[in-house]
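These notes are about the structure you will find just below.
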Amino acid sequence: SPLQALAAFREDPAAFALVLTDLSMSEMSGAELARELRASRPDVPIIVSSGYELAGLAQHVRDLGILEVLTKPVQRDRLAAALARALGRAAPAAR
C-alpha cells in the first residue's frame, strides 16, 4: 500500500536508502508518492516501474525527482544497474 509505505517513510526517512515503487497503484500513484516522499526527504533516490508506455510521462516523473523509470517486465540486470546507479555505485557485473 502506498499509504502504508508513506507512513513508514515519514516515521523514519533516514532509514531508507532508496525507494522503488510502481507508477500505477490504488490509493495514490507512484508520482504522487514520490512528491510526498520528496517533501519529507528531498534527497531520497526514487525509481519507478510501470507496465505502460511512458513516452509522454517519462519527463514528468523525472521532473518530480524520480531517477529512473523502468518498463515492465524489468530484467534483473536492468533492475540491478538502476539500483546501483541510484545508490551511487557502479553496476554489478553481469552473471
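If you're wondering where the values come from, they're calculated on a predicted model, not measured in any experiment.
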Task: Nearest-0.5 Å distance, CZ of residue R35 to OG of residue S40 - done: 13.5 Å
Open item on the list: Tell me if a side-chain donor or acceptor on R10 pairs with a main-chain N or O of E36 at a distance below 3.5 Å.
Closed with: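 The answer is no, because no donor-acceptor pair under 3.5 Å joins these two groups.
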Open item on the list: Between E32 (side chain only) and S29 (backbone N and O only), is there a donor and an acceptor less than 3.5 Å apart?
Closed with: yes
Please report the shortest heavy-atom distance between [X] and [Y], naming the atom on each side.
X: T71; Y: R78; result: O-NH1, 4.0 Å
X: L33; Y: P2; result: CD1-O, 3.9 Å
X: A86; Y: P45; result: O-CG, 3.5 Å

Task: F9 and V44: CA distance, side-chain angles, deciding distance, side chain to side chain contact (heavy atoms under 4.5 Å, CB included) verdict - done: CA-CA 10 Å; F9 186 86; V44 66; 4.0 Å; yes
- [ ] May I ask whether V74 and L83 are part of the same hydrophobic cluster, defined by side-chain heavy atoms of I, L, V, M, F, W, Y residues being less than 4.5 angstrom apart, directly or through others?
- [x] yes
TODO: For the pair I46 and L67, evaluate side chain to side chain contact (heavy atoms under 4.5 Å, CB included) and give the outcome as yes or no after the intermediate values.
DONE: CA-CA 6 Å; I46 302 171; L67 295 178; 6.0 Å; no
TODO: For the residue pair L87 and L18, establish whether any side-chain heavy-atom pair is separated by less than 4.5 Å.
DONE: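 Yes. Closest side-chain heavy atoms under 4.5 Å.
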Task: Worked verdict on K72 versus D22 for side chain to side chain contact (heavy atoms under 4.5 Å, CB included) - done: CA-CA 10 Å; K72 293 178 189 175; D22 197 280; 2.2 Å; yes
- [ ] Take I47 and R85 through the test side chain to side chain contact (heavy atoms under 4.5 Å, CB included) and record every step on the way to the result.
- [x] CA-CA 10 Å; I47 298 171; R85 283 190 297 273; over 6 Å; no
